[in-house]
Amino acid sequence: GESVGLHLPTLSVQEGDNSIINCAYSNSASDYFIWYKQESGKGPQFIIDIRSNMDKRQGQRVTVLLNKTVKHLSLQIAATQPGDSAVYFCAESLVPGNTPLVFGKGTRLSVIA
Amino acid sequence: GAVVSQHPSWVICKSGTSVKIECRSLDFQATTMFWYRQFPKQSLMLMATSNEGSKATYEQGVEKDKFLINHASLTLSTLTVTSAHPEDSSFYICSATDRGRSSSYEQYFGPGTRLTVT
């Protein structure tokens with residue numbers, strides 16, 4: 001289930017189940033969205049990105065969905081594995097490339113073996 | 001490819017001293033480098049944008065005289081925390097975009113530097 005802690009909400013899932021991590025972004029003018037995975041004490045690791053002219057994009061075991069109407073982004077992870085345990089951040093920018101990213105609050109994914 | 005390194009990976013310093021953190025793009029030339037700060041259990045917050053050979057652009061609320069950024073080459077940017085205080089203790093992360101890959105939007109992140117001020 002999902003719980004909201006003082007700073008980071010946590011999502012706990014059973015190994016092998018699918019995970020859905022949600023994000024509400026702030027700027028309706030944002031054109032580029034990215035999901036990052038961050039393990040403890042490490043920098044963010046790119047997972048998947050999507051432009052605003054798309055509503056879905058698939059990668060290996062991951063899918064990103066974009067709903068511009070309600071400014072919502074989600075990350076779906078299929079067949080979640082223990083190695084997927086980490087904090088996941090969505091990020092947005094006005095244009096892709098050399099522009100700063102605005103990060104969402106993050107969700108901690110905990111995979112129960 | 002597209003590896004970004006940071007040095008040191010962690011540092012402990014005394015209050016009032018200055019600390020320099022390096023961010024290097026190892027196998028590409030970085031058009032732009034960004035510096036972020038992350039407090040425990042919180043998200044990354046942009047501090048400044050750094051372009052080679054020009055002054056950094058700081059985000060609102062970030063003191064440019066306290067957080068000195070130098071971007072002297074296309075592969076190196078440094079962040080100096082001057083007169084550090086315990087409230088500056090944080091995880092500092094840099095990212096870079098690849099000058100040679102105009103079709104790539106990805107920002108490549110370094111591994112971060114843990115600063116603890118005692």
Side-chain angles (χ1 to χ4, degrees), chain A residues 3-10 21-27 30-54 57 59 64 66 73 86-110, chain B residues 1-6 9-10 21 23 29-52 54 56-60 62 71 74 90-116:
Chain A
S3 63
V4 178
L6 185 60
H7 294 295
L8 279 178
T10 299
I21 301 171
N22 297 302
C23 174
Y25 63 91
S26 59
N27 193 341
S30 291
D31 179 52
Y32 180 55
F33 306 88
I34 317 100
W35 278 101
Y36 288 95
K37 174 185 180 183
Q38 187 180 31
E39 296 174 307
S40 181
K42 297 183 179 180
Q45 176 187 349
F46 175 92
I47 300 174
I48 192 168
D49 59 359
I50 189 169
R51 296 287 302 273
S52 63
N53 60 354
M54 303 174 67
R57 190 162 187 230
V64 55
L66 174 63
L73 197 66
V87 178
Y88 289 81
F89 293 98
C90 66
E92 61 183 292
S93 70
L94 291 176
V95 295
N98 295 334
T99 53
L101 297 173
V102 176
F103 281 79
K105 295 185 183 301
T107 297
R108 179 176 301 281
L109 176 65
S110 179
Chain B
V3 177
V4 174
S5 71
Q6 285 184 237
S9 55
W10 60 271
I21 301 170
C23 176
Q29 292 184 326
T31 310
T32 305
M33 287 183 170
F34 303 92
W35 285 96
Y36 296 85
R37 179 168 53 182
Q38 186 178 30
F39 292 107
K41 297 184 179 181
Q42 294 189 28
S43 188
L44 284 76
M45 296 295 293
L46 179 70
M47 298 177 68
T49 301
S50 171
N51 290 293
E52 182 262 342
S54 61
T57 302
Y58 290 82
E59 294 299 296
Q60 191 174 6
V62 178
H71 194 158
L74 284 170
S90 188
F91 195 49
Y92 292 87
I93 308 170
C94 70
S95 71
T97 54
D98 187 346
R99 177 189 174 106
R101 297 179 64 186
S102 59
S103 62
S104 172
Y105 305 140
E106 188 172 342
Q107 284 188 25
Y108 303 100
F109 281 84
T113 296
R114 172 78 56 196
L115 170 63
T116 302

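Throughout, a chain's letter reflects where its sequence line sits, starting with A, and its residues are numbered from 1.
Looking at A/Leu101, both its backbone and its side chain come within 4.5 Å of chain B, counting heavy atoms on both sides. Looking at B/Gln6, neither its backbone nor its side chain comes within 4.5 Å of chain A, counting heavy atoms on both sides. Using a 4.5 Å cut-off between heavy atoms, A/Gln45 does not touch chain B at all. For chain B, no part of A/Ser93 is nearby; none of its heavy atoms comes within less than 4.5 Å. Both the backbone and the side chain of B/Leu44 come within contact range of chain A, judged by heavy atoms closer than 4.5 Å.
Using modelled atom types and a 3.5 Å distance limit, the side chains of A/Ser26 and A/Glu92 yield a donor-acceptor pair.
A 4.5 Å side-chain heavy-atom check between B/Cys23 and B/Met33 finds at least one atom pair inside the cut-off.
Note: B/Gln38 leads B/Arg114, B/Gln38, B/Met45, B/Glu59 in heavy-atom pairs under 4.5 Å with chain A. When each of B/Pro111, B/Ala96, B/Ser9 is scored by its heavy-atom pairs under 4.5 Å with chain A, the top score falls to B/Pro111.
Pairing each heavy atom of B/Ile93 with each of B/Gly110, the nearest pair is CG2-O, 3.8 Å. The minimum heavy-atom distance linking A/Gly106 with A/Pro9 is given by the pair O-CD, 3.1 Å.
The aromatic rings of A/Tyr36 and B/Phe109 sit perpendicular to each other, their planes meeting at more than 60°, with 30° as the lower class boundary.
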task = Mind running side chain to side chain contact (heavy atoms under 4.5 Å, CB included) on A/Leu73 and A/Ile50 for me, showing each step along the way?
result = CA-CA 10 Å; A/Leu73 197 66; A/Ile50 189 169; 4.2 Å; yes

